[in-house]
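This report concerns only the one structure given below.
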Amino acid sequence: MAKNLLIVESPAKAKTIEGYLGKDFLVKSSYGHIRDLVKTDDAIDTDDNFKQKYEVPSDKKSVVSELKKLAKEAEMVWLASDEDREGEAISWHLYETLALKDDKTKRIVFHEITKPAILSAIEKPRKIDFNLVNAQQARRVLDRLVGFELSPVLWKKVKPSLSAGRVQSVAVRLIVEREREINRFEADASYKIVAQFTTGIGREQFKAELPQRFEDKADAAQFLNDCIRASFKVSSLEKKPAKRSPSAPFTTSTLQQEASRKLGFSVARTMQVAQRLYEAGRITYMRTDSVNLSDTAIQAAEQEIVHAYGEKYHKLRRYKTKAAGAQEAHEAIRPTYFSEHSIEGDNAERRLYELIWKRAIASQMSEAEFEKTTAKIDVSTRTEDLVATGEVMKFDGFLKVYMESNDDDAENSTDEREGDNALLPPLDGGQMLTLKTMSATERFSRPPARYTEASLVKKLEELGIGRPSTYAPTISTIQNRGYVLKEDRDGRERHYTVLTISEEQVLEQIKTETTGAERSKMFPTDIGVLVNDFLVEHFNDIIDYHFTAKVEKEFDEIAQGDKDWTAMLKDFYGPFHDGIQDTLENADRASHERELGVDPSTGKPVTVRVGRFGPLVQIGSADDDEKPRFASLRKGQMIETITFEDAMDLFKLPKKVGEFEEKEMTVAIGRFGPYIRHASAFYSLPKGMDPMEVSQDEAIQIIKDKRQKDIEKVIRVFEENPEAQIENGRWGPFIRLGKQNVKIPKGTDVDKISYEDVLKWADADPKGKAAAAKKAGTKTATKKTTAKKGGAKKATTTSKTKK
DNA sequence: CAGTGAGCGAGCTTCCGCTTGACTT
């Protein structure tokens with residue numbers, strides 16, 4: 001039996017550490033927290049110094065009983081949970097729950113998983129730091145009080161099952177307020193002058209711009225006009241060296257941002273893949289707010305850089321965390337072995353690993369060096385100068401492995417910043433230039449960008465709200481509650497004017513561009529807006545961006561032993577609870593009902609509001625003799641912004657457009673856009689076609705086209721069963737077997753598939769069978785899971801919606 | 001990919017932060 005039991009939080013960590021320590025140590029994991037507040041309302045006694053009731057949740061019972069047994073047998077128990085507030089509390093909960101003895105327990109900490117770090121930690125054991133534990137309790141209790149008093153107010157004043165909390169409500173607020181900024185935004189137009197020059201006949205062209213813009217078209221036209229007969233001369237030439245430095249290695253938040261931009265991963269996906277890499281021993285811990293690398297890591301990186309790229313590419317760097325409230329219990333995210341430039345694994349794992357490797361290696365590399373050339377070009381007929389810039393890389397440095405991307409890159413890439421890296425031909429001061437082309441293009445200022453999941457995480461981190469372990473779950477929560485949606489939206493067309501010089505004349509053209517198109521952006525829903533406005537009105541101090549920063553400061557004081565945690569909570573809870581009572585008693589039910597106007601055909605009021613099933617438009621009122629008419633709002637429409645015309649349009653569909661094969665055709669708009677319904681089939685309208693304007697002939701053509709395409713998709717029909725056929729799908733060939741779709745195993749020769757193969761594969765795919773059963777309408781028995789929450793309730797609601 | 005939108009009323013919902021599986025889909 002091992003003399004020593006050492007407990008850490010993560011099982012993967014336990015395995016690594018066990019390798020560093022000898023036979024005398026048994027290393028086990030607590031799997032995070034082992035106790036939590038009971039889920040009922042009596043978890044905290046606010047009348048008795050916020051005394052808490054804890055319990056071991058059912059999924060932790062087996063861990064706890066095993067640790068208890070091992071602790072009893074060991075001569076010494078080493079509590080090695082993380083060195084931060086939560087980690088200290090885990091140690092304390094372990095101490096209490098496992099009924100450890102003071103003289104048989106030691107608390108140790110390390111913030112990197114290396115052999116020397118752990119051996120030196122064992123040399124310097126300490127006691128549990130109760131100030132830190134108290135700070136954690138204050139945090140835990142405050143979050144419970146806020147969440148469990150605020151949420152019921154919403155149940156009563158808005159809608160059941162809603163939630164509010166210190167973190168999620170601010171996340172929603174950020175999105176709601178950003179949406180309003182975008183709605184309020186009015187674009188300013190101005191004209192940007194761009195010219196192409198050469199140094200002589202047959203020479204390469206280069207670009208120059210006018211630094212200032214013209215607000216009026218007439219001024220821009222005048223400039224072009226003045227340039228028709230002007231001469232152009234290089235009036236000054238300046239060469240300046242420039243440097244660019246690498247970024248710090250990844251934290252959770254920067255990894256999520258970069259994986260979102262470069263790999264298109266959601267934050268949840270990034271964390272799932274990173275977890276697999278961590279468990280495979282490929283990377284260090286992925287939930288961290290630290291940019292710090294251990295000394296051993298810094299040395300290993302140096303060795304690899306010198307070996308792979310040479311001495312001059314290496315530069316030792318140490319990074320400082322600037323995120324508010326960082327606790328730095330771990331290292332930055334880095335590869336465990338820098339010598340592994342890439343790894344085996346699935347596509348996502350390989351790509352994420354490569355990103356982490358490059359970023360960590362680059363962080364220990366030298367600057368990239370450039371020479372930046374700026375040439376001013378004198379226009380003989382004007383006082384303004386045109387400017388041409390060029391950049392030449394002199395030394396690639398860290399750019400050899402890694403180039404960080406930027407949030408703006410995804411936006412209108414044709415717009416700005418083009419030409420920044422362009423090369424200029426050799427120029428001399430005073431040199432005359434030949435103008436090839438010149439244009440003045442109308443450009444518009446841009447509204448603030450909508451948040452992506454990753455940019456929202458970035459913002460939350462800047463505000464010190466949430467922790468690396470909660471960013472991804474928070475993003476999921478606000479979507480699951482229906483407060484926000486991650487969506488694509490089509491843009492709208494916009495005209496802009498381009499003036500060019502053509503045959504010694506200024507020529508004006510009107511061009512069209514798409515603006516405002518969004519991919520995977522966070523949009524608030526009407527419920528999100530309603531809840532947010534309610535909370536802002538009644539609990540502004542809790543929903544304030546700086547509330548977390550304020551209480552964090554107090555938690556720090558508690559951790560330092562400078563403040564009593566119950567006193568802090570008392571100061572907070574008194575006014576907060578009064579506000580809850582007052583709101584419950586006096587506040588009106590939240591509503592955003594808005595009257596848009598009067599229906600011209602009936603003279604009845606047209607209103608929008610949030611109904612039982614979401615936002616809707618209503619014509620007439622409930623206490624009318626005649627029943628009101630209802631219509632749901634569509635994707636992209638919100639109560640706050642919908643116009644009277646758009647609202648009335650909702651009542652024009654579905655619309656009959658005629659007959660085909662003796663069956664009616666109806667045009668409507670569904671979840672996936674406008675469609676024609678004919679018999680029991682659906683046919684999507686081609687993009688850009690106005691559903692209001694579809695004629696009978698057009699509709700028939702769409703149906704015929706779709707049928708033709710369906711026929712073309714079929715590769716082969718099986719003689720044994722005409723219901724079985726091989727088709728070309730979006731992701732390659734697959735087999736359709738009646739209602740079931742059957743996957744073709746990788747590496748199969750499609751021409752050689754027999755009907756027996758089809759039956760065999762279909763049988764081996766329980767997932768496909770279940771889907772087919774669902775399609776056929778046969779109810780799959782709803783399994784009663786042993787878990788108490790959610791499951792059963794959800795099952796009843798889904799069976800209800802399924803006719 | 002449709003139609004729903006009221007009310008009857010008991011019992012339920014909910015927080016944040018630390019960790020992974022064991023489950024379906």
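Residue numbers begin at 1 in each chain, while the letters A, B, ... track the order of the sequences. All values below were derived from every heavy atom in this structure, side-chain atoms included, with hydrogens, water molecules and symmetry-related copies excluded. Here the structure is a predicted model, which is why all the values come from computation and not from measurement.
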Would you classify [X] as touching base, sugar-phosphate or nothing, given that sugar-phosphate means primed atoms plus P, OP1 and OP2, and contacts are heavy atoms under 4.0 Å?
X: A:R144; result: base
X: A:E149; result: nothing
X: A:P628; result: nothing
X: A:Y285; result: sugar-phosphate
X: A:D59; result: nothing
X: A:S163; result: sugar-phosphate
X: A:S29; result: nothing
X: A:G32; result: base
X: A:R677; result: sugar-phosphate
X: A:Y278; result: sugar-phosphate

- line: Under the rule of Watson-Crick or G-U wobble with both distances under 3.5 Å, where | means paired to another strand and [ ] a crossing pair, DNA chain B maps to .........................
message: Using a 5.5 Å cut-off between ring centres and planes within 30 degrees, is A:W155 stacked on the base of B:dT14?
response: no
message: Side-chain N or O of A:S30 versus OP1/OP2 of B:dC18: is the shortest distance under 4.0 Å?
response: no
field: Distance below 4.0 Å between A:Y471 side-chain N/O and B:dC16 OP1 or OP2
entry: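 So the side-chain polar atoms of A:Y471 never come under 4.0 Å of the phosphate oxygens OP1 or OP2 of B:dC16.
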query: Sequence neighbours excluded, which residues qualify as ring pair (Phe, Tyr, Trp, His ring centres under 6.0 Å) partners of A:F660?
result: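 By the ring pair (Phe, Tyr, Trp, His ring centres under 6.0 Å) rule, A:F660 matches A:H678.
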message: Restricting to ring pair (Phe, Tyr, Trp, His ring centres under 6.0 Å), what partner residues turn up for A:Y285, sequence neighbours left out?
response: A:Y278, A:H330
- request: Provide, to the nearest angstrom, the distance between the NE2 atom belonging to A:H678 and the P atom belonging to B:dC1.
  value: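 It works out to 19 Å between those atoms.
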Got a salt bridge between [X] and [Y], using NZ or NE/NH1/NH2 to carboxylate O under 4.0 Å?
X: A:R166; Y: A:E552; answer: no
X: A:R634; Y: A:D649; answer: no
X: A:D45; Y: A:K53; answer: no

- prompt: Of A:P160 and A:R166, whose closest DNA chain B nucleotide lies nearer the 5' terminus?
  reply: A:P160
query: Aromatic rings A:F539 and A:F576: how do their planes relate, parallel, tilted or perpendicular, breaks at 30° and 60°?
result: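 Aromatic pair A:F539/A:F576 classed tilted.
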task: Compute whether any side-chain donor of one residue and acceptor of the other, for A:Q168 and A:T477, lie under 3.5 angstrom apart.
output: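 No, no side-chain donor-acceptor pair sits under 3.5 Å.
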